[in-house]
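A quick write-up on the structure given underneath.
Only this structure's heavy atoms are used, side chains among them; waters, hydrogens and symmetry mates stay out. Lettering follows sequence order; numbering is per chain, from 1.
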Amino acid sequence: MRKKVLLVDDEPGIRKVVGITLADLGYEVLEAVSGDEALAIFRREKPPLVLTDIRMPGMDGLELLKHIKAENPETEVILVTGHGDLDMAVQGLKLEACDFISKPVNSEMLEIALKRAMDKIVMRQRMQNYMENLEFMVNEQTQHMVELERQCAAQEAVDGLTKAMGGLAGEVAGEFAMFNALPCLVSIQDRDQRILSVNQLYRERLGDRVGQPGFAIYAGAAGEGLDSPVARTLRTGQGQRSREGLFGPDETLSAVTVHTAPIHSADGQVNLVLEILVEAGEVQRLQDELHTTRQRYQQLFDEAPCFITVQDRNLRIQAANSRFRQEFGPATGGLCYQVYCGAERPCFGCPILKTFEDGCSHQCELTVRGKNGDPVNVVIWTAAIRNAAGEIEGVMEMATDITELSRMQDHLASLGMLIASLSHGIKGLLTALDGGVYKVNAGFRSGDAAMVQTGWSKVTELVGRIKGMVLDILFYAKKRELQLRQMSAADMARQVVEAVAPKAEHLGVVLTTEISPDLGDFSVDEVVLSAAMVNILENAVDACVEDKAKASHTVVFRARPDSSGVFFEIEDNGCGMQPETLSRLFSVFFSTKGSRGTGLGLFIAKKAVDQHGGRIGAVSEPGQGSAFRIWIPRSR
Amino acid sequence: MAKKIMVVDDDPDIVEYLVSIFSGKGYDTCSANGGEAALEVLEREHPDLLTLDLEMPDEWGPRLYRKFSQKPEFKELPVVVISGLAGIHLAIRRAVATVNKPFDPDQVLAIVEGAIGKP
């Protein structure tokens, strides 16, 4: 069957071109011109894949994404972004869009994005199948165990059987199919202790003794007929339980447990007696089997590669497997959302509550916290546990750790985004570099030294910018472990200022320092941390240059010690920031500098400070200036 | 009077580069570094040809193109797209040519000359 894909765009041209590409790739294409129409089609057709423009009149792509994910989280949504929509694309990825492609839509990119989405759908399907199998195995084992337990409780079997027999007393002469299934030796004897009927096992072990006295099989007093279990039952009218010696057909003696139960006729007289013999060895064997099954079940429960809990209606954990206990601490008796997330109330869209409601399995992806506080991404799968009456009395939750997988996906998605956003910037820089070289050449041709000079300073500046950008990318792409070294905080502060001073001077910005003499030492990765501070200081200078309103501009770099760390502050009286800018300052690929910024600088700076266990923040007033504050602990 | 070429790009370095290429060859030039400014300059200068970047902070090239090409006097204005975006040849169908950044100055000049002739 062809896969359905829903294509949403308000521009007919794009729908047409992309639609043709999709049809070529073998998809059945559903089209919608607006978010509202898309949602209606989505509800009717349930396509596994949706490709939507971000900017549309009315309900936009992100809104549509939210609706779709709320209604069917398994649907994969690919966003189509236009110019300058990277922020929205990032937002989209946070809302669990699977991918994004930028306009104009390139068919190769489209194909890759679709393939990635389909892979994700297939992978999820597989995981689901696997979970279902696991659930099936657990169910099977549980049933087996329950059955064994029943068999083992021979006393209960007798009681139950007796009751059933009571009504059937008149029709005893025939064969009882039920007898044959029992794992014990069963006979029915009349008031003269003559055997009327035996089950298969009895016949196999002791021969067909129908018509003979039932007590003949016993050794000792019971074999006399006066004190046999059946005789005692006839005498007292009560069921009996005793241990007897038994002669086998080859005259060997073995121990058996004998249960008897009277069967009353309609007039209340004991008419018949049911006698059940359970060999001691058989009981032992059944108990062993039960034990092994239990152990296997426990092992499966503990060693399954996921966190398994059984919870009641209040989300109280009734049982947890050992993997769960390792990762989340001793949880039995605790509330799911407290143990898992440290939350005060159940998570939004809790799959367990849904299962209690409808009895079906539910699935979701969540980020929870391990006992050491680290986030753990899990796929959760639930299954109802029913009692004999079919009522749901608990829900089993299986959570599979996909942290590593999510982390890789995130990293890949942001790398992809990085490349998309940077390729444009780099091409611009290279073109401008060509411009500089062109100017230098033109200057040489015409012998104009001043033109050569301006051309050359352009080339130098652009080479510097390209270098910075490449270093940013390399830093981002590479996972770098900190190389901590004890060093003087004042030395680092001076290095940072020296690195930025020439730029500030060149641009006419006054750079002053207020560094306390008693900063002391701290343990840091010099390269990483100083790069972060240089970046912030350079931003401060840029913000001053940007501001045309004031006559003179100053950047102040302060450093002072506190009890456990060193505090840095970089304050400028530049153009300042709008609250919106301030709130997104440290997010990846956010830049106010258009094609001149990579959107990486402050993101990396924050990462560097985080890695040191420090804190970073900023305050700003539009038109007045900004201040960045960084605190670094003395030792990690 | 020499023929006039208008350069639209958000990067001042690139504007300067293109302007010096065109003026070196003898064309008159004017420029704008964003969408809004572009419409004003266009009204004022009435250029013979326009080079257009696709991605600028305040405006998306194709939309700018739609805006001015709806006006009768600019309907026939030749446009050369110069951009760093991949797959740009589809963005503006009526463009005289599309050139990828970084570009070869001689190629750009040849395209311009092919469209509007020598200065």
Side-chain angles (χ1 to χ4, degrees), chain A residues 11 13-14 16-18 21 55 81-87 101-110 419-443 445-446 448 451 454-455 457-459 461-462 465-466 591-597, chain B residues 7-26 29 31 33-35 37 51-66 80-95 98-109:
Chain A
E11 291 184 54
I14 292 192
K16 192 169 173 194
V17 173
V18 177
T21 314
R55 284 192 200 273
T81 67
H83 143 80
D85 284 345
L86 276 173
D87 293 343
I101 47 182
S102 50
K103 274 188 195 172
V105 176
N106 165 316
S107 63
E108 216 166 292
M109 300 279 288
L110 180 63
I419 287 160
S421 97
L422 287 186
S423 70
H424 180 245
I426 288 179
K427 284 174 188 168
L429 283 177
L430 291 178
T431 311
L433 187 63
D434 277 354
V437 172
Y438 183 87
K439 193 157 217 166
V440 171
N441 286 337
R445 260 200 312 276
S446 59
D448 182 343
M451 194 191 265
T454 52
S457 63
K458 184 128 285 171
V459 169
E461 183 210 328
L462 286 161
R465 262 163 58 193
I466 292 173
S591 175
T592 57
K593 298 181 181 177
S595 59
R596 282 162 193 270
Chain B
V7 177
V8 182
D9 199 303
D10 62 316
D11 186 334
D13 290 334
I14 293 173
V15 170
E16 191 188 329
Y17 179 28
L18 283 168
V19 162
S20 61
I21 291 172
F22 295 138
S23 57
K25 200 76 183 170
T29 58
S31 66
N33 55 14
T51 77
L52 181 62
D53 185 16
L54 288 185
E55 203 176 11
M56 295 174 286
D58 69 332
E59 182 60 298
W60 169 228
R63 195 156 42 197
L64 176 67
Y65 174 78
R66 268 206 302 280
V80 177
V81 173
I82 299 184
S83 169
L85 281 182
I88 54 172
H89 58 284
L90 291 171
I92 295 179
R93 283 173 195 280
R94 282 196 49 248
T98 51
V99 179
N100 279 302
K101 284 179 188 171
F103 51 81
D104 172 8
D106 291 335
Q107 187 203 351
V108 174
L109 281 170

More than 12 heavy atoms of other groups within 6.0 Å of B:Gln107 CD: yes
Part of A:Leu433 lying under 4.5 Å from any heavy atom of chain B: neither
For A:Thr431 against B:Pro102, the heavy-atom pair lying closest together: OG1-CA, 3.4 Å
Region of B:Leu18 that comes under 4.5 Å of a non-hydrogen atom in chain A: neither
With B:Tyr17 via ring pair (Phe, Tyr, Trp, His ring centres under 6.0 Å) - residues at least two apart: A:Tyr438, B:Phe103
Shortest non-hydrogen separation from A:Ala432 to B:Ile14 and the atoms involved: N-CG1, 3.9 Å
